[in-house]
Protein chains: 2
Amino acid sequence: MMLSDAMEDYLKAIYRLQSETGTPVSTSAIAEEVEKTAPTVTSMVQNLAERGLVEREKYKGVELTPEGETVALEVVRHHRLLEAYLTEQLDYSWVDVHEEADTLEHHISEEFEQRVAEMLGDPDVDPHGDPIPGADLRPLDGDETTPLSDHDAGDRVVVSRVRDRDEAELAYLDDAGIRPGTVVDVVNVAPFGMVTVRIDGDEQSLPEAVARTIRVRPARADRTPTEGVSDA
Amino acid sequence: MMLSDAMEDYLKAIYRLQSETGTPVSTSAIAEEVEKTAPTVTSMVQNLAERGLVEREKYKGVELTPEGETVALEVVRHHRLLEAYLTEQLDYSWVDVHEEADTLEHHISEEFEQRVAEMLGDPDVDPHGDPIPGADLRPLDGDETTPLSDHDAGDRVVVSRVRDRDEAELAYLDDAGIRPGTVVDVVNVAPFGMVTVRIDGDEQSLPEAVARTIRVRPARADRTPTEGVSDA
DNA sequence: GTCGTGGATTAGACGTGTCTAATGAATAAG
DNA sequence: CTTATTCATTAGACACGTCTAATCCACGAC
């Protein structure tokens with residue numbers, strides 16, 4: 001199937017939103033993600049539905065079909081492989097690979113994808129810690145990580161992934177020494193929206209908004225973090 | 001100036017045709033080069049003229065302005081750097097880099113271009129022997145090479161460049177051991193459209209149509225090839 | 001010089017992706 | 001249960017790049 005760049009972008013957006021929330025995705029959420037107006041999204045979504053890439057219930061929301069998910073996974077694979085490649089082979093900083101990958105992801109051939117993957121030894125994660133879908137495009141496993149902001153004082157965690165889309169935020173984290181693999185001790189979760197942590201013996205405070213975008217896993221297997229949503 | 005991929009393709013096409021012939025370029029020539037219909041070309045050319053990228057005389061032909069040439073040179077630089085990069089760093093064969101480069105040339109950033117150029121040590125030519133415009137995008141020097149088919153029996157020449165656009169032809173040349181740098185002795189130019197050459201002691205015959213796409217320079221400075229067009 | 005032919009342009013249409021303005025549905029508040 | 005608000009959709013327009021069909025210009029043959 002021949003898809004436009006725009007369509008791939010919408011599918012990627014829906015994929016991301018759907019992964020985050022686990023529920024059908026609203027028109028306005030997509031609109032925000034792709035930076036287009038709501039009517040534009042409606043008409044694109046209709047188009048995607050006609051092609052069998054999404055399932056849509058009017059006035060409710062939209063979900064990817066398996067075919068749609070496969071396309072999204074392909075785009076995500078391209079994106080993350082490119083981020084890894086640009087960082088490792090072309091000396092890009094992890095702070096600014098995102099933009100370049102966002103364009104190129106739509107324009108590389110199957111062959112390019114394969115060669116890059118091979119060159120990198122089929123990596124599992126990109127420089128921000130995000131998992132790279134395999135060449136088979138099987139859906140990714142559920143996310144085991146939790147937001148740093150959901151943890152309590154005393155927890156020791158390992159940074160698993162950080163959000164790749166905001167350059168300023170990435171630059172901030174880079175400066176703070178926070179990247180995938182960094183061990184973080186939660187010192188204090190203050191009520192005023194700051195989280196104090198110790199990294200490498202060094203204490204520092206992060207805005208809660210930032211802490212929320214840092215996904216972590218327990219540093220020791222016997223410690224489980226508090227879940228943000230107490231579930232049903 | 002924000003140009004579409006399509007516009008860049010037209011400018012590149014005009015650049016190539018203009019370099020080959022040295023004269024204004026016809027609508028039909030462009031149409032063939034970009035594989036679009038003549039009316040499509042007319043309307044695109046009007047558009048380019050409005051933007052000051054080409055000079056146009058209705059019913060006559062079109063030429064690049066200096067600005068248009070600069071854009072074309074940028075695209076060509078991207079294309080040829082990419083061909084060099086894909087060949088050297090990603091193990092592509094020179095036979096099939098062209099297609100990948102043709103797409104990517106429109107989508108790499110200035111930063112990408114710089115890093116690739118640096119990684120390769122600012123190469124002067126791509127894998128097919130075509131000159132790579134410098135970062136300053138100064139017009140390329142005039143072409144000193146001559147078609148192999150313009151030479152006579154007894155001439156010893158060095159292959160300078162081969163046409164990069166026809167994969168079948170490239171595969172053929174690759175198989176024949178003909179690439180930039182190959183030393184070729186012209187054995188015989190038969191009237192029936194075949195050119196016999198000796199390469200590495202090995203004699204073989206090439207169709208004249210192919211020999212015409214192989215650009216060569218004299219192997220010794222004191223020997224000048226016969227010019228195809230006896231000029232005015 | 002006239003005319004015919006071939007190439008170029010204009011006319012008019014279409015698909016895609018986008019927008020703003022107007023309308024319609026779902027839902028939360030009372 | 002009604003209504004107000006919010007969010008989604010429909011209506012209609014536009015830019016862009018493309019096409020086919022119709023018309024127009026230039027130039028070589030006579």
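All chains are named by letter (A, B, ...) in the order of the sequence lines, taking the proteins before the strands, and each is independently numbered beginning at 1. In this text, all values refer to a predicted model and were calculated from it rather than measured experimentally. Only this structure's heavy atoms are used, side chains among them; waters, hydrogens and symmetry mates stay out.
- Distance, A:Leu48 CG to D:dT9 C1': 16 Å, rounded to whole Å.
- If you measure from atom NZ of B:Lys36 to atom P of C:dA8, you get 17 Å, rounded to the nearest angstrom.
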Could you go step by step and tell me if A:Thr65 and A:Glu55 meet the side chain to side chain donor-acceptor pair (under 3.5 Å) rule?
CA-CA 6 Å; A:Thr65 61; A:Glu55 199 68 61; over 6 Å; no
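- Ion pairing between B:Lys12 and B:Glu8 fails under the 4.0 Å rule for side-chain N and carboxylate O.
- In this structure, A:His107 has its ring center no closer than 6.0 Å to that of B:His106.
- The distance between atom OH of A:Tyr59 and atom P of C:dT23, rounded to the nearest whole Å, is 13 Å.
- Which of C:dT10, C:dC19, D:dC27 sits closest to the side chain of B:Thr42 comes down to C:dT10.
- For residues 4-31 of chain B, proximity to DNA chain D is found at B:Ser4, B:Tyr10, defined as any non-hydrogen atom under 4.0 angstrom from a strand atom.
- Within the structure, every side-chain polar atom (N or O) of A:Thr40 is placed at least 4.0 Å from both OP1 and OP2 of C:dT18.
- When each of B:Ala38 and A:Val41 is assigned the nucleotide of DNA chain D with its nearest heavy atom, A:Val41 is the one assigned upstream, toward the 5' end.
- In this structure, CD of A:Gln46 is placed 13 Å from P of C:dT16, rounded to the nearest angstrom.
- When only modelled atom types and interatomic distance are considered, A:Arg215 and A:Thr145 share a side-chain donor-acceptor pair under 3.5 Å.
- Across the protein-nucleic acid pair, A:Met44 atom CE and C:dT18 atom C1' stand 11 Å apart, rounded to whole Å.
- When all heavy atoms of B:Arg80 and B:Pro131 are compared, the closest pair comes out as NH1-O, 2.7 Å.
- Mapped onto DNA chain C by nearest heavy atom, A:Ser43 and A:Lys58 fall at different nucleotides, with A:Ser43 at the one closer to the 5' end.
- Between the CE atom of B:Met2 and the P atom of D:dA15 there is a distance of 18 Å, rounded to whole Å.
- The CD-P distance, from B:Glu35 to D:dC19, rounds to 11 Å in whole Å.
- Taking the six-membered ring for Trp and thresholds of 30 and 60 degrees, A:Trp94 and A:His128 have nearly parallel ring planes, at less than 30 degrees apart.
- OP1 or OP2 of D:dC16 has not a single side-chain nitrogen or oxygen of B:Asn47 nearer than 4.0 Å.
- The aromatic rings of A:Tyr85 and B:Tyr85 sit perpendicular, their planes meeting at an angle over 60°, well past the 30° parallel limit.
- Remark: P of D:dA8 and CD of A:Glu57 are 14 Å apart, rounded to the nearest angstrom.
- OP1 or OP2 of D:dC19 lies within a sub-4.0 Å distance of a side-chain N or O belonging to B:Thr37.
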